[in-house]
Every structure is written in structure tokens, then in C-alpha cells.
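Both backbone and side-chain heavy atoms feed into the values below; hydrogens, waters and symmetry mates do not.
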Amino acid sequence: MEIKNIRIEERLIHGQVATVWLAHLHPDRIIIIDDETSKNDLQKQMLKVACPVGTKLSIFGVDRAIERLAENPYGDESVFILFKNPTNLKAFVDKGYPIKEVNVGNMSGKTGATQVKKAVSVTHEEAEMFREMHKKGIIFTALMIPNDPNVDFMSLIENI
């Protein structure tokens, strides 16, 4: 299995992911890792419909994703991994899955969040999660689309 990209994307599969990112990465499979989504049959069905023809889709909670990826069932497939939020990403990292780099995409505004970039708002708690993961050696970038300038995400959250 070749991981093409790991991205936090609150909207999961939507126009930008389904067109721009998939055209750039050409993955064989999208893997969504999100505890809530994995338990919601309606959401899973909607994501299956949104997934472009020719791209396989897997949806797992954090624990099952760790188990499944350890089984290495995808052979030589290339994958694009999506997390809905940093909470699930941190749980995944804390369970020992090695990650080198994560692209932070859409994280909408919520109570107590600070907008750090267009369509990216981070709470103090989320900023702390990013800092903890960064200390483990994970590089965080902030790109909405692949041809955006590469921005060091950690510099965006310095004051949060």
C-alpha cells in the first residue's frame, strides 16, 4: 500500500476532494478514518454515492483502521486517507500508526475557534493536539488544493 496523502477534511468527500485532490493524487482507494462516521449508516451511504466511480472507499473507526491497516489488505493500491478532525487523527497516532505528514484542509468555525486560514479554524484544544503530534515528528501543512503554496500549519497556530 502506498499512502498518497493524509488529510484532515471536515467535509470528507465533497467537490474539492472528489475532483481536485483525486485528479492530483490518482489514488485507487479513499480510506476515511472517523469514529462517528463509521457508525452512521446514512453518512456511509452518502459517502459511497459521493465517491467517484473507479475509486474504492473504506470507512473505519480508529481502532478498526489500525487493525485493518496492520493486516495490509490493500496490496499495491495507492490510498488517500481522510480524517474528519484532529481528534481522530490524534487517537490514530496515539495507537502507534506511523505518520510522517498531514495536510490540514477544511476545519470550519465553531465556538471558541480561531480562524487561522480561509476555511480553517482551530480551538485551543485542537491546537494542543496538533502540538503533541508535531512533537512526535509529524509535519503539518495547510493546503486547500494541491497547487496552493505549501504553508507550515504549525506557524499558523503559534498563538492559539
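Shortest non-hydrogen contact noted between D94 and K136 is OD1-NZ, 2.8 Å. Considering all non-hydrogen atoms of both residues, A127 and I160 come closest at CB-CG2, 3.8 Å. Closest approach of P149 to L143, counting heavy atoms only: O-CD2, 3.1 Å.
In this structure the side chain of F80 never reaches within 4.5 angstrom of the side chain of I31, judged on heavy atoms. Side-chain atoms of I81 and N5, non-hydrogen and from C-beta on, never get closer than 4.5 Å to each other. Looking only at side-chain heavy atoms (C-beta outward), R7 and F83 stay at 4.5 Å or farther from each other. Annotation: side chain of I32 is not in contact with side chain of S58 (no heavy-atom distance under 4.5 Å). Between I157 and F130 the shortest side-chain heavy-atom distance falls below 4.5 Å. With contacts defined as side-chain heavy-atom distances shorter than 4.5 Å, the pair R11/Q16 qualifies.
Counting only N and O atoms by type, the side chains of S78 and R29 include no donor and acceptor under 3.5 Å apart.
One distance of note links CD of Q45 with CG of L42; it measures 8.5 Å at 0.5 Å rounding. M1 CE to D28 CG: the interatomic distance, rounded to the nearest 0.5 Å, is 11.5 Å. Atoms OH and CG, on Y97 and L69 in that order, are 4.5 Å from each other to the nearest 0.5 Å. A distance of 11.0 Å separates OH of Y74 from CD1 of I3, quoted to the nearest 0.5 Å. If you take NE2 on H24 and CG on N147, they are separated by 8.5 Å, rounding to the nearest 0.5 Å. Expressed to the nearest 0.5 Å, how far NZ of K90 lies from CD of E126 amounts to 13.0 Å.
No donor-acceptor distance shorter than 3.5 angstrom exists from the side chain of K100 to the backbone of P98, with no hydrogens or angles considered. K44 contributes a side-chain N or O that, together with a main-chain N or O of S38, makes up a donor-acceptor pair within less than 3.5 Å. When atom types are taken as modelled, the side chain of E10 and the backbone of S108 share a donor-acceptor pair closer than 3.5 angstrom. Counting only distance, with no hydrogens or angles, the side chain of D152 and the backbone of T141 share no donor-acceptor pair below 3.5 Å. A donor-acceptor pair under 3.5 Å is absent between the side-chain atoms of T55 and the main chain of C51, judged by distance alone. No side-chain donor-acceptor contact under 3.5 Å links N40 to the backbone of E36.
By the criterion of side-chain heavy atoms lying less than 4.5 angstrom apart, applied directly or through intervening Ile, Leu, Val, Met, Phe, Trp or Tyr residues, I33 is grouped together with I6 in one hydrophobic cluster. Put simply, V17 and V120 are part of two different groups of oily side chains (I, L, V, M, F, W, Y) that touch within less than 4.5 Å, one to the next. L12 and V104 fall into different hydrophobic clusters, where Ile, Leu, Val, Met, Phe, Trp and Tyr are joined by side-chain heavy atoms under 4.5 Å apart, directly or via other members. Transitive grouping of hydrophobic side chains (ILVMFWY, heavy atoms separated by less than 4.5 Å) keeps L57 and V62 in distinct clusters. Under a hydrophobic-cluster definition in which Ile, Leu, Val, Met, Phe, Trp and Tyr are linked whenever side-chain heavy atoms come within less than 4.5 Å, directly or via other members, M144 and V122 are assigned to the same cluster.
Of the candidates I13, I30, D34, L47 forms a side-chain contact (heavy atoms from CB on, under 4.5 Å) with just one, namely I13.
Within a 6.0 Å radius of CG in N150, more than 12 heavy atoms belonging to other residues, nucleotides or ligands are found. Other residues, nucleotides and ligands contribute at most 12 non-hydrogen atoms within 6.0 Å of the NZ atom of K95.
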Check the pair V49, M46 against side chain to side chain contact (heavy atoms under 4.5 Å, CB included), reporting the backbone distance first and the verdict last. CA-CA 5 Å; V49 169; M46 289 174 19; 5.7 Å; no

Decide yes or no on salt bridge (Lys or Arg N to Asp or Glu O under 4.0 Å) for E71 and R64, but give the supporting numbers first. CA-CA 11 Å; E71 295 166 1; R64 182 65 183 131; 3.6 Å; yes

Could you go step by step and tell me if M107 and S121 meet the side chain to side chain contact (heavy atoms under 4.5 Å, CB included) rule? CA-CA 6 Å; M107 291 177 56; S121 295; 5.7 Å; no

Evaluate the side chain to side chain contact (heavy atoms under 4.5 Å, CB included) criterion for residues L89 and I99: first the C-alpha distance (whole Å), next the side-chain angles of each, then the deciding distance (0.1 Å), finally the verdict. CA-CA 10 Å; L89 173 63; I99 293 178; 3.6 Å; yes

Could you walk me through whether F153 and I8 pass the side chain to side chain contact (heavy atoms under 4.5 Å, CB included) test, one step at a time? CA-CA 12 Å; F153 182 74; I8 294 176; over 6 Å; no

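Taking the ring axis of F140 as reference, the NZ or CZ atom of R131 does not stay both within 45° of it and closer than 6.0 Å to the ring centre.
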